[in-house]
Amino acid sequence: MHLPYFLKAPAVAIIGDTCYTTLIEDFDYTHVPCIKYAISKGLGFGIVAGGAIVKVPQIIKIVQARSAKGISFYAYMLETLACVVSLAYNIRNNNPISTYGETFFVTLQNLAILGLMLRYSGKNTTAFMIISSFLFLGNVLGRTAEHVLADGTVVKSALVTMDILTFLQGVTVPINLISKVPQIVENYKNRSTGQLSAFTIFNYFAGSLARIYTTLTEVDDMIILSGFLLSTLFNCILALQMALYWNSAPAPSKVKSEKGDGSPSETKKRVKKLD
């Protein structure tokens, strides 16, 4: 089957000439490598599309409530740091955008959430400083420049070497996991997920699960793969908490009264004092 050019061009760009010919023109669906590659590309772009809106419900909930109660600020700080490093690492390695594109959108949405959390706490200056710092860090890590030598050789240079960036990417694995711990603890202490969005949590779990497959298929990088494997485990815990504490109100804090709690034992003590 021959598709018109306006359909063929993007199809070839996504799955390549070989797999396009095999799957579309020759209808050969017994070619396992091309089938796996096409599935990976479909999942990858699906995750990127989902990542573009994954935290929009969370942002809406915060704005409507004018509060970020139940959401861990430190969890979002650590997650955003991991996202910025991971985004720069993937860009510098020229990895297919279908394997990391959602990280760009998640980073922007995280910055919006951090800004809202600080704004509703009356810390507008702090919000500006934190957002500016993350943007500056991303620029420093991801920027490269090309220089042409006298003999015509093109040399690439960067403010941060690839060795250092690879090390930082390895560090993002524990950072990304640690970033989820404060939220897990917060949920457990409150017996509630507060203003957390169910769409965001379940989408994250499904996305990290799918990312294991796309990474195995398209990217030969154990650092990225190990990150997604461990991230899926922690996202699973958050998803289970979301299901367990569904529609649960936060546990009321216990306030001790200096005048006594009015219990029978307290009343007896007062009678004895009067006697």
Side-chain angles (χ1 to χ4, degrees), residues 46-84 86-87 101-135 137-138 175-209 231-257:
I47 295 169
V48 173
I53 61 168
V54 66
K55 297 204 174 184
V56 171
Q58 183 66 80
I59 293 170
I60 292 172
K61 284 193 74 172
I62 293 173
V63 172
Q64 287 178 338
R66 301 187 69 79
S67 165
K69 184 176 177 60
I71 299 175
S72 172
F73 175 77
Y74 296 106
Y76 266 90
M77 283 287 290
L78 290 171
E79 183 187 9
T80 307
L81 176 61
C83 282
V84 169
S86 183
L87 186 61
E102 76 281 1
T103 307
F104 171 75
F105 296 110
V106 169
T107 302
L108 293 181
Q109 291 167 88
N110 277 358
L111 291 175
I113 290 171
L114 284 170
L116 288 170
M117 292 173 79
L118 291 167
R119 182 176 182 275
Y120 291 133
S121 300
K123 301 176 181 177
N124 292 334
T125 304
T126 305
F128 175 78
M129 291 175 62
I130 286 177
I131 292 172
S132 298
S133 297
F134 276 125
L135 293 175
L137 177 63
I175 288 177
N176 199 28
L177 299 180
I178 293 170
S179 74
K180 300 180 188 305
V181 173
Q183 189 63 67
I184 292 171
V185 172
E186 187 86 7
N187 294 343
Y188 178 76
K189 283 168 58 180
N190 294 335
R191 296 294 192 274
S192 167
T193 52
Q195 296 300 322
L196 275 181
S197 165
F199 174 81
T200 299
I201 296 299
F202 290 126
N203 198 302
Y204 248 42
F205 174 56
S208 59
L209 200 60
S231 181
T232 300
L233 175 62
F234 279 69
N235 284 335
C236 179
I237 295 173
L238 283 168
L240 288 173
Q241 285 185 323
M242 180 61 72
L244 183 63
Y245 302 140
W246 193 268
N247 287 332
S248 297
S253 56
K254 295 181 180 179
V255 180
K256 293 183 179 180
S257 172

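Note that the structure is a prediction, hence the values are computed from the model and not measured.
- Counting only heavy atoms from C-beta outward, the side chains of Leu111 and Tyr76 never approach each other to under 4.5 Å.
- Partners of Gln109 under the side chain to side chain donor-acceptor pair (under 3.5 Å) rule, at least two apart in sequence or in another chain, do not exist in this structure.
- Annotation: side-chain contact (heavy atoms from CB on, under 4.5 Å) contacts of Tyr74 (sequence neighbours excluded): Ser72.
- Put simply, the side chain of Ser121 gets close to the backbone of Met117: a donor and an acceptor are under 3.5 Å apart.
- The heavy-atom pair separating Thr107 from Cys83 by the smallest distance is OG1-CB, 3.2 Å.
- For Lys180, the side chain to side chain donor-acceptor pair (under 3.5 Å) partners at least two apart in sequence or on another chain are Asn235.
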Task: side-chain contact (heavy atoms from CB on, under 4.5 Å) between Leu196 and Gln183, intermediate numbers included - done: CA-CA 10 Å; Leu196 275 181; Gln183 189 63 67; 3.5 Å; yes
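- Identified under the salt bridge (Lys or Arg N to Asp or Glu O under 4.0 Å) test for residues 46-55, with sequence neighbours left out: Lys55-Glu79.
- The side-chain contact (heavy atoms from CB on, under 4.5 Å) check on Leu244 picks up nothing, with sequence neighbours excluded.
- When the options Ile53, Val48, Val54, Val56 are evaluated for a side chain to side chain contact (heavy atoms under 4.5 Å, CB included) with Phe105, the one that passes is Val48.
- Residues Phe234 and Asn176 are not in side-chain contact: their nearest non-hydrogen atoms beyond the backbone lie 4.5 Å or more apart.
- Between Leu238 and Asn187 there is a side-chain heavy-atom pair separated by less than 4.5 Å.
- The minimum heavy-atom distance linking Leu177 with Ser231 is given by the pair CD2-N, 3.7 Å.
- For Leu137, the side-chain contact (heavy atoms from CB on, under 4.5 Å) partners are Leu81, Val84, Leu141, not counting sequence neighbours.
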